[in-house]
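Read through the structure below, which is laid out as structure tokens, and then see the notes.
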Amino acid sequence: MLSMSTIDEFIVFLRNLAEKWSNLYEEDRVFEADPSEGEPKYFLTAAYMYPNAPIHVGHGRTYLIADVLARFKRLLRYNVLFPMGFHYTGTPVLVRVEAILENKAKEIESMSRTFNIEVETLKKLRDPVSFARYFHELSKTVMKKYGLSIDWRREFTTVDPEYKSFIQWQFTKLLEKDLLIRGTYPVGWCPRHGMPVSMHDTEGDVEPEVGELTLIKFTDEYGVKYPVATLRPETVLGVTNIWVNPEARYCISRVNSEVWVTSCEATTKLKQQLKSVEILEEVGGGTLVDRELVNPVTGERVRVLPASFVNPKFATGLVMSVPAHAPYDYAALRDYVEKNLGGVWTRELMPKPLIQVSGYGEIPARNAVEQLGVRSQSDVELLEEATKRVYRDEFERGIFRPDAVAYVVSRDSRVLSYLEKHVAGKPVPEAREAVRALLEEIGVYDSMYEVMNAPVRCRCGSEVAVKVLENQWFINYGSTEWKNLTREALKDMRVVPEEARRGIEATIDWLRERACARTRGLGTELPWAPGWVVEALSDSTIYMAFYTVVHRIRKLGVKVEKLGEYFWDYVFLGLGDAREVAAKIGISVEDLESMRREFLFWYPLDSRHSGKDLIPNHLTFFVFNHIAIFPRELWPKQIVVNGWVLVEGAKMSKSKGNVKLLGNLMDTYSPDALRLGLAFGAEVDQDLDLNEETVLSAARQLMKIYNTIREILHRVSGDSERPQDIWLRKTLATHVVNYVEELENVRIRAAALRVYVKMLEDLETYLKWAREPGRAAVDYIATWVKLMSPYTPFIAEELWRTLGGRGYVAKSAIERELVVRDTLFEFEQKYVDLVIEDIKSVLDVVSGDTVAVYTSDRELSWIVERVAEDVARGIDLSETVRKLSRDLAKAGIRQPDRVVKSIREAVSYIGPEVVLKYLKTTGGIDEFEILSKLQGLVATRLGLKNFVVYRASDTSTPDLGGRKSRAFPLKPGIYVTQSTY
RNA sequence: GCGGGGGUGCCCGAGCUAGGUCGAAGGGGUCGGGCUUAGGCCCCGAUGGCGUAGGCCUGCGUGGGUUCAAAUCCCACCCCCCGCACCA
């Protein structure tokens, strides 16, 4: 063992240790976990990685948290399973391979740079599986070097035939439970690619917003339908006319069984939306002007009028004019009246008010148009604003006027009574829904989808339109029953951090049907729907179960074709007859049963780890699917989500070129230093800003620890029962207890600071105090190394062997007797902390190197006890003062409020339970005894030349500075002087 | 728009679910000192104001309120970040 003098030297040393010990881990198969009946087990998984790039520090953080927990649980004698797989499913790999195949120099360059891979190597990755395989293997090597305590026998990829069989089984189960349904679904679609587009496929990364518009079919005298498009079907009662754009081309076509007039652009869209469309004739918009159409609800005849604002590219290119409530219509109509009728409004064109809304007059659209000073229908900006306001106010506060029913001239009693009952006097949202239903009822309703934020362009330049996909498969997360069960399951789960729970709950609430299959990408085909591949977020929900048996399937050499539904049914659900199933697969009953047993040994999953970005999708699906497939006793128990890793305050991304690869960082800093840096950086819930300094200072701290340990082992003497030694032993036990508690609560950072900072400080205090390190120091170190092993496994292994440990520290356990809380010591320790703090605050104002303290009497412990009882019960300070004042006065204590307050503060710091327990055990607090015993500690920690303790009541001692009277329970009087020499 | 999370001292960031132990942990920066040929690293001290004894005043987005007592509870407002689906 060498003494390390420079940090560079030390990092080289750490790197070599990592190399050495990770190889040994592999050779000795240290982390292979097999069921051991009767022992406690812990099964945890982190989200498997998507190998379209090398593993980066973001993965590194998630995996580290899982690994620390895994190793920690082993220290507590759990049989721990921590496996890892690789997620090939999906399309991103396809995109990268396309770039390679098309020899796109820029893309390849950029991949080469960010991934730190030779261009020539990349060019060889010419199919998706090879591409994924390459990064898979690369990342796996890095994970091993990183020290992840993974059982690699269970590794798999999601395109392995066994996995596909498993996914097919899962989806068959979902289908059987009616949770997998088939339907149509509108998507943003690029006509050129013939592919759905989402945000990252569009120019400027715009998400195409698909909205559904109501079509209301107006009719002409020949029975031809004019489907007008609207978002506000309830305003059909106030239509004065229909708008067409006279400049646009309109098509008369056969749509399904009817003849429709729409803009010619609309015919293409209707075709995409599952309508059969046959164009019969094309006409200019102008020829439609002045036609008379019948309003299917009111029976009124309205005319077609020209308007330039009508966009033929949007919806059907036909718009119903509701001048009372639509600013555009009002403005256009005003233009028309002025130009063609000399400004005189005919009775037919008069706005028909339908909705009453506070803050507006009879005709809201007119109010808004006039208020904003709209000049004409081409005043687009102002009209947009006016429309927004009127729509919003009417939607939120508007009431449908009962007298509006009078616009129904047909006197159709069915329509009238319906309107009276469901529309008149109702708030707008309700009226809207009712009118929509009425339209459907009387057969004049239809709908179409439109890109609401058009134009959205695909990266190829073509405009995105809506296409309705047929035979799309959905997982029905909208099922109420399923939602309720999932909520219930979540209630019983631990979520770390707790704030993330609300995110999951909210996701459960709004989740509806989710398309779960695509026509492109790697993955598993739905057995009954050739061509449809299960999409990546849907084939990764219950795979944790797969880990429990995959290695056995492989070892037994089971033919994949034989892995039918019955196999998974038996292993995971215990369904079917073991002998029959075994026979079908061609394995022994014993092997089959032992797989079932292994699954039951590891399940339920104890902890699931991922980044917080997966809350709204993966993690929620994970809970849902477990609930759907597995019985209640096998539902997962814990979710741990961690924040991002930021680089210099910015999120990592390929485009910024600031992706930090795990492999590179380890080469620079060594695995142990990187792990410790990440652990120090932030508690799990926060984002961690990675900078060189954090990692370097972690390395320095490690070096300091290493050198200190080395020094002690050289200097150690045989002493073991001095006060210093006893103090050190007890301090160690306190650390162990708190460490266990912290890690049980996944407070990775807090525990790391304890082990690598506080424990070193305490050891240094001991060294200063004791001068010669004794046996206790070696014992301290022996346990300390164990506590380090979850964070910095490699140096811990090395130290473990140096100390004469056998095997691996990774397989060692913390002595049970150390994990016991020593309340008495805890009390004394915290009491001393308080005294030291007090003295420090005096030393802030007065300088000196000699301190005398006067301790309060043991007889006054009853005050502490009564205050502690009150604190424990949550009783107010004033209440306590009131209760105690008489007794305090009797005891000759003035200023009871001040005394009680100071005791209360001390008690709160120490902890009322600790105080009470201490009193109960010892019968009273002898502060003089405690301080005398730890005199050396106080002097050492404060760097004092002299530290003396007196009893305040001892009349034989000098009353320096009159401080005797300042002694209160838990708060000694303090006197500071400067020594003369 | 809907939903989730936030706004703390020069900066970053704990603490806020159980109100007093909070002038507010821990970093960083800055200033002073030590170490060093020098720099770096490291160590010590200081870092709202006042005070020669453990104290007082002012303070945790803004404005109110509850309370003996609020960064912590309640109300209103302002601002920031992140999701919103077939995409991993």
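Lettering follows sequence order; numbering is per chain, from 1.
Taking atom C1' in both rG83(B) and rG28(B), the straight-line distance is 32 Å, to the nearest Å. One P atom belongs to rA70(B), the other to rC60(B), and the distance between them is 11 Å to the nearest Å. Rounded to whole Å, the separation between the P atoms of rA38(B) and rA46(B) comes to 26 Å. Atom C1' of rG6(B) sits at a distance of 15 Å from the matching atom of rG15(B), rounded to the whole Å. Rounded to whole Å, the C1' atom of rA76(B) lies 25 Å from the corresponding atom of rC82(B). Taking the P atoms as reference points, rC74(B) lies 14 Å from rG5(B), given to the whole Å. For the P atoms, the distance linking rG61(B) with rG13(B) amounts to 14 Å, nearest Å. Atom name P, nucleotides rG23(B) and rA71(B): the rounded distance is 9 Å, in whole Å.
Annotation: of the two residues near RNA chain B, Y975(A) and Y50(A), the 5′-most nearest-nucleotide partner is Y975(A). Heavy-atom distances to RNA chain B give each of G503(A) and W644(A) a nearest nucleotide, and the one nearer the 5′ end belongs to G503(A).
In summary, the side chains of H56(A) and R61(A) do not present any donor paired with an acceptor at a separation below 3.5 Å, with no hydrogens or angles considered. Residues S538(A) and E535(A) bring a donor and an acceptor atom of their side chains to less than 3.5 Å of each other. Checked by atom type, the side-chain pair Y477(A)/N625(A) shows a donor-acceptor distance below 3.5 Å. Side-chain polar atoms of T62(A) and N642(A) form a donor-acceptor pair below 3.5 angstrom.
Per the geometry, CD1 belonging to I504(A) stands 14 Å off C1' belonging to rG5(B), to the nearest Å. When rounded to the nearest whole Å, the span between CZ of F622(A) and P of rA88(B) equals 20 Å. Rounded to an integer number of Å, the gap from CD of E209(A) to C1' of rC84(B) is 10 Å. D613(A) places its CG atom 14 Å from the C1' atom of rG4(B), with the value rounded to the nearest Å. Straight-line distance from the CD atom of Q829(A) to the C1' atom of rU21(B): 17 Å, rounded to whole Å. Taking atom NZ of K704(A) as the reference point, atom C1' of rC42(B) lies 8 Å away to the nearest angstrom. Rounded to an integer number of Å, the gap from R502(A) CZ to rC2(B) P is 16 Å. rG26(B) atom P lies 22 Å from atom CD1 of I748(A), rounded to whole Å.
Within 4.0 Å (heavy atoms only), T91(A) reaches sugar-phosphate atoms of the nucleic acid but no base atom. Residue-level contact check: E764(A) touches neither bases nor backbone, having no heavy atom under 4.0 Å from any strand. Across all strands, D509(A) comes closer than 4.0 Å to no nucleic acid atom at all (heavy-atom distances). Residue contacts shown for P972(A) include a base, since a base heavy atom lies under 4.0 Å away.
Note on E869(A) versus R866(A): no salt bridge recorded, every NZ/NE/NH1/NH2 to OD/OE distance being 4.0 Å or above. Ion pairing between a basic and an acidic side chain is recognised when a charged N comes within 4.0 Å of a carboxylate O; R754(A) and E742(A) show such pairing.
Closest to the side chain of W510(A), from the set rG4(B), rA85(B), rA88(B), is rA85(B). Of the candidate nucleotides rC42(B), rA85(B), rG83(B), rG83(B) has the atom nearest to the side chain of P616(A). Which of rA88(B), rA85(B), rG54(B) sits closest to the side chain of I974(A) comes down to rG54(B). The side chain of E499(A) sits closest to rG5(B) out of rG5(B), rA85(B), rG54(B).
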Protein-nucleotides 38-40 of chain B N/O pairs closer than 3.5 Å?
none

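For the atom pair D509(A) CG and R502(A) CZ, the distance stands at 10.5 Å (nearest 0.5 Å).
Between Y48(A) and the choices H87(A), H609(A), H59(A), the ring-ring contact (aromatic ring centres under 6.0 Å, His included) rule is met once, by H87(A). Each of T620(A), T89(A), N617(A), I475(A) was compared with L537(A) under the side-chain contact (heavy atoms from CB on, under 4.5 Å) criterion, and only N617(A) meets it.
Heavy-atom contacts from other residues, nucleotides or ligands closer than 6.0 Å to NZ of K483(A) number more than 12.
Here R432(A) pairs with R232(A), P233(A), E234(A), F395(A), V428(A) under the side-chain contact (heavy atoms from CB on, under 4.5 Å) rule; sequence neighbours left out.
Both key distances under 3.5 Å define a Watson-Crick or G-U pair, and stretches of 3 or more such consecutive pairs in RNA chain B run B:1-7 with B:78-84, B:10-12 with B:26-28, B:29-34 with B:42-47, B:48-50 with B:55-57, B:61-65 with B:73-77.
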